[in-house]
Peer 1: 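Structure incoming, see below.
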Amino acid sequence: MRAPRPRPECVPMNVAFNLALDLEAVLLTAASAAGLDVPGFVGDVRTADPRHGDFQANGVLGYAKARKLNPRVIAEKLVAALPAAVTGAYDVAIAGPGFINFTLKPAVLLHWLRTYDSTAHLKAGAGTAKSGQIWVVDYSSPNTAKQMHVGHLRSAVIGEAICRLLDFNGAKVVRDNHVGDWGTQFGKLIWACKQARARDEAALKSAIALDPLEEFERLYKVGNEAADADPAIMDQARAELVKLQNGDPENLAIWRQINGDSLAAFQVIYDQLGIKFDVMHGESFYNDQVERIYRELTDSGIAQESQGALVVFHPEHPRFKTQPFIMRKADGASNYATTDLATALYRLEHFQADGIVVVTDYRQADHFEQLFLTVGKWFAAKHYRLPELHHVTFGAVTGEDGKALRTRDGGTIRLKQLLDEAEARALALVGERSSDIPAGERAQIAQTVGVASVQYADLSQNRSSDYVFAWDKMISLEGNTAAYLLYAGARIHSIFRKLGVTPGEATTEAAASPLETPAELMLARKLVKFADAIRIATETLRPHFLSLYLYELAGEFSAFYSADKVAVDDPAVRARRLLLCARTLLVLETGLNLLGLRTLTRM
RNA sequence: GCGAGCGUAGCACAAUGGAUAGUGUAGUGGCCUCCGAAGCCAUAGAUCUGGGUUCGAUUCCCAGCGCUCGCACCA
């Protein structure tokens with residue numbers, strides 16, 4: 001991303017950022033002027049197939065049919081009532097059974113492109129949607145004492161993209177890594193640590209120093225197997241857990257070291273992915289708040305005793321009327337339902353959250369549905385304000401056989417290894433394609449391409465479905481891949497380098513003549529739809545809408561690049577094509593950054 | 001058993017209830033004395049089955065089928 005030029009805060013707003021939303025509002029006014037029954041009318045404006053125009057209003061069809069009117073007659077009345085501002089900006093046509101098609105005039109396209117000429121101005125345009133709201137996003141959230149594996153990838157990548165989208169839409173975003181640092185695994189782990197220490201303290205220390213998570217995982221396995229084999233050891237492990245939860249200094253010290261080492265290892269991956277959390281409130285953070293949860297849910301009659309546990313049933317729900325939400329175990333211990341309830345309350349009281357987004361795989365859907373139902377009733381009973389609650393789910397990462405992704409010997413794939421392999425594969429490719437670039441820079445490029453490929457493979461696809469992990473398709477240069485998008489950006493940078501011009505220079509762009517060729521117009525028409533791509537991706541919390549848009553934008557640019565030469569002699573033509581290049585670069589890089597990817601100036 | 005998600009070309013994916021269901025790969029045929037061919041242009045190929053709602057259904061509802069996952073003290 002190039003450095004932002006200093007600019008005044010104000011944006012000339014005489015061209016709307018989101019033209020579809022603007023048209024929707026204008027249509028309502030026009031409907032009123034045309035004598036339509038306005039409360040019953042919606043314009044239903046959406047981006048159109050380019051063959052029909054830029055935007056289409058479908059609202060007339062439903063309106064007319066419901067009233068047994070002729071939709072084309074209604075459409076004609078509506079079009080006749082459109083203000084000059086619209087008819088001056090668009091070619092308007094009625095088509096088919098009653099669609100109203102709007103095609104932007106070239107001068108307006110150019111005006112939009114001149115207005116939204118920097119990341120700051122784009123953000124100012126998009127930033128009204130969630131202006132002033134506070135959103136807490138809970139993502140990544142690995143368990144400590146374990147390495148992050150491929151299963152942790154999607155939450156981190158999708159969560160970060162959602163954070164950036166919300167931020168771009170004007171929200172204040174709190175990135176919260178809700179790490180699993182308080183589970184029952186610590187009993188066995190502490191037991192195994194103590195055994196190993198008693199046997200050979202120096203060996204343990206050096207093993208931990210070499211690769212802490214590797215050693216903790218090994219110790220956990222040792223503890224787990226020993227406890228399974230011998231009930232006496234199981235009891236000892238339980239006792240260690242109780243000691244930990246009661247604040248035993250020795251166990252607490254071991255626990256602290258495990259968490260500290262774990263977070264340090266996670267940080268290496270977060271750095272690679274460009275993720276920075278604002279807070280890391282793990283489950284242990286809420287440990288002292290559970291009593292209030294028990295009290296409030298019991299006092300308000302929401303929770304009840306069942307088989308010794310404290311649970312919540314939801315009688316109105318077909319399944320949760322019998323499937324309990326267990327918020328205190330029969331042995332009196334808390335579980336993740338308890339901490340998640342406490343977490344919801346904390347996010348309301350401490351952060352004043354307007355929205356909470358939790359990003360986990362779909363297998364936890366039942367848990368969060370129960371949690372949100374419970375929170376709804378609880379907050380209502382206590383007259384707490386209820387934030388918007390979203391469980392953002394995603395499918396599994398599978399191998400090409402459709403089964404959960406594993407190493408050849410059946411082990412889990414470590415995220416660190418996976419990212420390193422992505423870089424190695426990208427390095428091989430860059431060496432093959434760009435042997436003229438110095439080795440040091442190639443390594444840098446490979447880092448960006450490798451990680452971006454992994455991120456983009458995830459983000460380019462609807463998160464609901466499982467996703468097939470295939471190196472060859474992911475690092476590929478062809479198709480809807482990060483490399484294709486980064487390449488498009490690199491080519492644009494290359495044009496500016498060749499011509500000795502800085503992208504977006506006002507003096508260069510001043511001479512631009514109106515857009516004219518089909519390729520210029522198609523590219524410009526795609527650029528103005530950035531606003532709607534952002535809107536849809538944010539509203540649905542589905543980043544793939546933005547990915548798809550960027551891919552199509554890069555495609556339009558490539559078509560333009562092939563059809564129309566930028567470095568022509570005519571200064572006005574050259575200026576307008578440079579303006580298109582600059583704006584494509586701006587939108588592409590802004591969009592990729594919103595997805596969490598780093599971009600390149602050459603590759 | 002109950003419930004959820006998914007089912008679109010050989011393969012991998014897209015389609016905020018809209019017009020002739022889009023794209024990539026693999027296939028076929030073109031395009032580099034010209035700003036980066038990691039590219040562009042052209043071509044062929046698909047909605048699991050059966051009902052329903054709607055002016056209009058890949059999308060919503062119902063019933064099947066298939067795959068995956070969840071369902072009392074793991075997270």
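A, B, ... follow the sequence lines: proteins, then strands. Residue 1 opens every chain. It should be emphasised that the depicted structure is a prediction, and the values quoted were computed from it without experimental measurement. Below, all heavy atoms of this structure are taken into account, side chains as well, without hydrogens, waters or symmetry copies.
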Peer 1: Provide the Watson-Crick or G-U wobble partner of B/rU20, both distances under 3.5 Å; none if there is no partner.
Peer 2: none
Peer 1: Answer with base, sugar-phosphate or nothing: what part of the nucleic acid does A/Q323 contact at a heavy-atom distance below 4.0 Å?
Peer 2: sugar-phosphate
Peer 1: Heavy atoms under 4.0 Å, any strand shown: does A/V568 hit a base, just sugar-phosphate, or nothing?
Peer 2: nothing
Peer 1: Evaluate salt bridge (Lys or Arg N to Asp or Glu O under 4.0 Å) for A/R154 paired with A/D466, printing each intermediate quantity in order.
Peer 2: CA-CA 11 Å; A/R154 298 199 86 179; A/D466 290 351; 5.8 Å; no
Peer 1: Should A/N143 and A/D181 count as side-chain neighbours, where that means a heavy-atom distance under 4.5 Å?
Peer 2: no
Peer 1: Now, which nucleotide makes the Watson-Crick or G-U wobble pair with B/rA57, with each of the two distances under 3.5 Å?
Peer 2: none
Peer 1: Quick one: how far along RNA chain B does chain A reach, first to last nucleotide 5' to 3', anything under 4.0 Å to a heavy atom?
Peer 2: B/rG3 to B/rA75
Peer 1: How would you label the contact of A/A490 with the nucleic acid (heavy atoms, under 4.0 Å): base, sugar-phosphate, or nothing?
Peer 2: base
Peer 1: Give one of base, sugar-phosphate or nothing for A/A559, where a contact means two heavy atoms less than 4.0 Å apart.
Peer 2: sugar-phosphate
Peer 1: Should the pair A/H314 and A/F320 be assigned to parallel (<30°), tilted (30 to 60°) or perpendicular (>60°) ring geometry?
Peer 2: perpendicular
Peer 1: Determine whether A/Y294 and A/T338 make a side-chain contact, defined as any pair of heavy atoms from C-beta on separated by less than 4.5 Å.
Peer 2: yes
Peer 1: Is it the case that atom CG in A/D569 sees more than 12 heavy atoms from other parts of the structure closer than 6.0 Å?
Peer 2: no
Peer 1: How would you label the contact of A/S306 with the nucleic acid (heavy atoms, under 4.0 Å): base, sugar-phosphate, or nothing?
Peer 2: base
Peer 1: What is the nucleic acid contact for A/H544, judged by heavy atoms within less than 4.0 Å: base, sugar-phosphate only, or nothing?
Peer 2: sugar-phosphate
Peer 1: Regarding A/Y362, tell me which of base, sugar-phosphate or nothing describes its non-hydrogen contacts under 4.0 Å with the strands shown.
Peer 2: sugar-phosphate
Peer 1: On RNA chain B, check which nucleotide each of A/T540 and A/T601 is closest to and give me the residue with the more 5' one.
Peer 2: A/T540
Peer 1: Pick base, sugar-phosphate or nothing for A/R542, based on heavy-atom distances below 4.0 Å to the nucleic acid.
Peer 2: nothing
Peer 1: How is A/D564 classified with respect to the nucleic acid when contacts are heavy atoms under 4.0 Å: base, sugar-phosphate, or nothing?
Peer 2: base
Peer 1: Check the angle between the aromatic planes of A/H367 and A/Y336 and answer parallel, tilted or perpendicular using the 30° and 60° thresholds.
Peer 2: parallel
Peer 1: Near A/R497 CZ, under 6.0 Å, is it more than 12 heavy atoms from other residues, nucleotides or ligands?
Peer 2: yes
Peer 1: Check step by step if salt bridge (Lys or Arg N to Asp or Glu O under 4.0 Å) holds for A/R583 and A/E509.
Peer 2: CA-CA 11 Å; A/R583 232 48 102 237; A/E509 294 180 355; 2.8 Å; yes
Peer 1: For a quick check of understanding: with a heavy-atom distance under 4.0 Å over all strands, which category does A/R433 fall into, base, sugar-phosphate or nothing?
Peer 2: base
Peer 1: Mind listing the residues from residues 59-73 of chain A sitting with a heavy atom below 4.0 Å of RNA chain B? Number order is fine.
Peer 2: A/L61, A/G62, A/K65
Peer 1: Taking only the C1' atom of each, what is the distance from B/rU43 to B/rG7 in whole angstrom?
Peer 2: 29 Å
Peer 1: Just name whichever nucleotide pairs with B/rA42, Watson-Crick or G-U, keeping both distances under 3.5 Å, else none.
Peer 2: B/rU28
Peer 1: Anything under 30° is parallel, anything over 60° is perpendicular, the rest tilted; go ahead and classify A/F530 against A/Y549.
Peer 2: tilted
Peer 1: Within the 4.0 Å heavy-atom criterion, would you say A/A483 contacts the bases, only the backbone, or no part of the nucleic acid?
Peer 2: nothing
Peer 1: Mind checking if A/P324 touches a base, just sugar-phosphate, or nothing, with heavy atoms under 4.0 Å?
Peer 2: base
Peer 1: Is the shortest distance from a Lys or Arg side-chain nitrogen in A/D54 or A/K529 to a carboxylate oxygen in the other one below 4.0 Å?
Peer 2: yes
Peer 1: Determine the contact category for A/V566: base if any of its heavy atoms lies under 4.0 Å from a base atom, sugar-phosphate if only primed atoms, P, OP1 or OP2 are that close, otherwise nothing.
Peer 2: base
Peer 1: Between A/E305 and A/R328, is the closest basic N to carboxylate O distance under 4.0 Å?
Peer 2: yes
Peer 1: With a 3.5 Å limit on both atom pairs, tell me what B/rC6 is paired to, counting Watson-Crick and G-U wobble, or say none.
Peer 2: B/rG66
Peer 1: Touch check for A/D331, heavy atoms < 4.0 angstrom, all strands: base, sugar-phosphate only, or nothing?
Peer 2: nothing
Peer 1: Could you check which nucleotide pairs with B/rG36 in any of the strands shown, counting Watson-Crick or G-U wobble with both distances under 3.5 Å?
Peer 2: none
Peer 1: Which is more 5' along RNA chain B, the nucleotide nearest A/G308 or the one nearest A/A48? Just name the residue.
Peer 2: A/A48
Peer 1: Glycosidic conformation of B/rC32, syn or anti, with 90° from 0 as the boundary?
Peer 2: syn
